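Everything quoted here is computed from the prediction, not taken from an experiment. Naming: A, B, ... by sequence-line order, numbering from 1 per chain.
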Protein chains: 2
Amino acid sequence: MNIGQASGKSGVSAKMIRYYEQIGLIKPPLRTNSNYRRYGADEVHVLRFIKRARNLGFSLDETSALLSLWQDRSRASADVKEIATAHIGELETKITELQGMVKTLKHLVHCCQGNDRPDCPILDDLAEIPSSKGH
Amino acid sequence: MNIGQASGKSGVSAKMIRYYEQIGLIKPPLRTNSNYRRYGADEVHVLRFIKRARNLGFSLDETSALLSLWQDRSRASADVKEIATAHIGELETKITELQGMVKTLKHLVHCCQGNDRPDCPILDDLAEIPSSKGH
DNA sequence: CCTTGACCTTCCCACAATGGGAACCTTTAT
DNA sequence: ATAAAGGTTCCCATTGTGGGAAGGTCAAGG
């Protein structure tokens with residue numbers, strides 16, 4: 001199987017497969033005598049694993065750790081749980097931050113008439129013009 | 001006022017101030033005869049505007065647009081409202097995605113005993129091992 | 001047999017934003 | 001005078017992904 005097929009079956013672009021190989025996330029595959037990378041079902045399996053971890057928002061570093069644990073028969077599931085739990089915390093922190101931004105923006109948009117006149121509470125707020133009444 | 005003072009008053013690092021100047025987000029300030037950048041209250045005001053927009057999650061491109069509108073006396077507040085509304089949409093999309101990840105991860109962590117034995121539903125799921133019962 | 005198109009290879013560049021640091025100059029205070 | 005603090009430019013790194021050029025390879029069809 002060439003890199004294009006492996007890409008199609010794993011959902012990882014050929015470009016990224018080469019990159020993952022370059023940074024050592026995956027092992028260099030065998031090559032044909034014309035220097036084409038050859039992949040088998042195992043490699044595709046690894047790529048799918050990576051793809052799924054990435055879809056869950058794990059960084060490549062975290063993915064690398066999960067991959068090691070996956071391939072390590074003596075791993076402790078507690079290690080995996082720890083990575084996942086820490087990751088949940090990070091995601092939740094990010095969600096909270098984004099929600100704060102949305103809340104502020106919604107308030108501003110709500111106060112903005114959106115007509116042709118230049119009075120714009122959004123810009124006023126960004127510019128810190130003190131409003132007549134706090135909110 | 002030197003760049004360090006402007007940085008302190010605006011909350012934007014000196015490094016970033018120079019970068020914003022380089023990419024054309026802000027105008028090059030006057031220089032002293034010893035080539036130091038001189039800033040006044042106006043420039044600091046602009047930097048604070050930028051800082052606040054960035055804190056609300058606007059990209060530098062969006063911030064640039066908002067800055068233009070802010071400095072344009074003939075701007076329509078509808079334009080600003082549109083940028084802000086679009087941005088809210090993006091943020092909410094991101095929040096939904098993150099919440100989906102958290103939900104999946106929490107389920108997996110919940111199913112993971114986290115002890116010393118290698119049975120780990122998190123890795124099993126990442127590896128797409130079909131579980132006995134779908135969820 | 002030879003061309004054409006699809007696929008592979010490596011290598012370099014780009015993004016968004018930010019930080020680190022080197023090498024060097026200026027200002028200020030001791 | 002000298003040392004510390006802060007300025008200047010320039011280059012590099014990050015994270016993860018994509019684009020594209022220049023060239024090699026393979027399969028199909030005229």
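- Regarding B:Glu62, its CD atom lies at a distance of 14 Å from the C1' atom of C:dA17, rounded to whole Å.
- Residue A:Met16 has its side chain nearest to D:dG18 when only C:dA17, D:dG18, C:dC8 are considered.
- We find that OH of B:Tyr19 is positioned 16 Å from P of D:dT9, with the value rounded to whole Å.
- Look at CD on A:Glu21: it is 12 Å from P on C:dC11, rounded to the nearest Å.
- The shortest distance between the side-chain N/O atoms of B:Tyr20 and the OP1/OP2 oxygens of C:dA17 is not below 4.0 Å.
- Under a 3.5 Å cut-off, the side chain of A:Arg37 and the backbone N or O of A:Arg18 do not form any donor-acceptor pair.
- Only A:Arg31, A:Asn35, A:Tyr36, A:Arg37, listed by number, bring a heavy atom of residues 24-40 of chain A to less than 4.0 angstrom from any atom of DNA chain C.
- Ring orientation note: the planes of B:Phe49 and B:Trp70 are close to parallel, at an angle under 30° on the 30°/60° scale.
- Taking 4.5 Å as the limit, every side-chain heavy atom of B:Met16 sits out of range of all side-chain heavy atoms of B:Lys51.
- A heavy-atom distance below 4.5 Å is not found between the side chains of A:Thr104 and A:His107.
- Side chain of A:Arg54 to backbone of A:Phe58: a donor-acceptor contact under 3.5 angstrom is found.
- Backbone-only contact: A:Arg54 has heavy atoms under 4.0 Å from sugar-phosphate atoms and none from a base.
- Put simply, NZ on A:Lys51 is 11 Å from C1' on D:dG16, counting in whole angstrom units.
- When the P atom of D:dT9 is taken as reference, atom CD1 of B:Ile17 falls 13 Å away, rounded to whole Å.
- For the pair A:Leu25/A:Ser64, a side-chain contact is recorded, criterion being any heavy-atom separation below 4.5 Å from C-beta on.
- Between B:Glu92 and A:Lys106, at least one side-chain N (NZ, or NE/NH1/NH2) sits under 4.0 Å from a carboxylate O, which counts as a salt bridge.
- Taking atom CE of residue B:Met1 and atom C1' of nucleotide D:dG7, one finds them 15 Å apart after rounding to whole Å.
- Across the protein-nucleic acid pair, B:Lys15 atom NZ and C:dT18 atom P stand 13 Å apart, rounded to whole Å.
- Distance A:Gln5 CD to C:dC7 P: 8 Å, rounded to the nearest Å.
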